[in-house]
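Given the structure is predicted, the values throughout are model-derived calculations rather than measurements.
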Amino acid sequence: MLSAGAVILFTAAVAAILRGQAQWTAVPALIWLHLATILLATALTPVMLLGRRGDRRHRTLGTVWVVAMLATAAISLFIHVSGPGRFSVIHLLSVYTLVQVPILWRAARQHNVARHRRAVHGMVIGALLVAGFFTFPFHRLLGSWLLG
């Protein structure tokens, strides 16, 4: 279920980006960096969730996923749609991500599979799917590109 959500979100984001091609030059580099890191994490999510766990490939891709999630969250703290220096509710997910990702990383390193799994599922639901799907309504960039 989480993998399907990630695939749908990734597909919608790529479709929105392609539809918004006429406005690409108006998008700040910080937004492009944010999109690149979150698209990487979103693309890796089904690979990680559906693939074999615990082997070298899983650990390597997991490291890339962790770095992408941390980068996405850190970058988002500098994106202020409401105006310079104004934080929104979505920024709470960024802080949550910056706290939770090291916890899931540590759980994996300590071979605490149950805690790692719970933390990953929480991150995928909250920081990827919920945050991702809320980028489409409310006249946000991807939503305006995809939905017009």
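- Val27 and Leu33 fall within the same hydrophobic cluster, defined by Ile, Leu, Val, Met, Phe, Trp and Tyr side-chain heavy atoms under 4.5 Å apart, directly or through other members.
- Separation of atoms CD1 (Ile125) and CG (Leu2) is listed at 5.0 Å; rounding is to 0.5 Å.
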Enumerate donor-acceptor pairs with a distance under 3.5 Å from any side-chain N or O in residues 96-108 to protein atoms, sequence neighbours excluded.
from, atom 1, to, atom 2, distance (Å)
Thr97, OG1, Leu93, O, 2.7

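- Residues that satisfy the side chain to side chain contact (heavy atoms under 4.5 Å, CB included) test with Ala114, not counting sequence neighbours, are Asn112, Arg118.
- Expressed to the nearest 0.5 Å, how far CD1 of Ile75 lies from OG1 of Thr37 amounts to 4.5 Å.
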Please list every donor-acceptor pair under 3.5 Å in which a side-chain atom of residues 40-51 meets a protein atom from a residue at least two apart or in another chain.
from, atom 1, to, atom 2, distance (Å)
Thr42, OG1, Ile38, O, 2.7
Thr45, OG1, Ala41, O, 2.7
Thr45, OG1, Trp65, NE1, 3.1

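- Scanning both residues, Leu129 and Ala6, for their nearest heavy atoms gives CD2-N, 3.6 Å.
- Nearest heavy atom pair, residue His58 against residue Asp55, reads N-OD1, 2.9 Å.
- When side chains are defined from C-beta on, Ile79 counts as touching Ile31, because their heavy atoms get closer than 4.5 Å.
- Residues forming a side chain to side chain donor-acceptor pair (under 3.5 Å) with Ser94 (at least two apart in sequence, or on another chain): Ser76.
- Side-chain atoms of Leu146 and Leu142, non-hydrogen and from C-beta on, never get closer than 4.5 Å to each other.
- When hydrophobic clusters are built by joining Ile, Leu, Val, Met, Phe, Trp and Tyr residues whose side-chain heavy atoms come closer than 4.5 Å, directly or via intermediates, Leu77 is grouped together with Met123.
- Remark: Arg56 engages Arg59, Thr60 in a side chain to side chain contact (heavy atoms under 4.5 Å, CB included) (not counting sequence neighbours).
- Hydrophobic clustering, with ILVMFWY side chains joined whenever heavy atoms are under 4.5 angstrom apart, keeps Leu61 apart from Val113.
- The same ILVMFWY cluster, assembled from side-chain heavy atoms under 4.5 Å apart, contains both Met69 and Phe134.
- Scanning both residues, Leu141 and Ser144, for their nearest heavy atoms gives O-OG, 2.8 Å.
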Report the C-alpha separation of Phe10 and Leu128 in whole Å, then their side-chain angles, then the decisive distance to 0.1 Å, and conclude whether the side-chain contact (heavy atoms from CB on, under 4.5 Å) test is met.
CA-CA 10 Å; Phe10 181 82; Leu128 276 179; over 6 Å; no

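- Counting heavy atoms from C-beta outward, Phe136 and Leu9 have side chains that approach closer than 4.5 Å.
- Among pairs with a residue in residues 14-27, those fulfilling side-chain hydrogen bond (donor to acceptor under 3.5 Å, both in side chains) read Gln23-Trp145, at least two apart in sequence or across chains.
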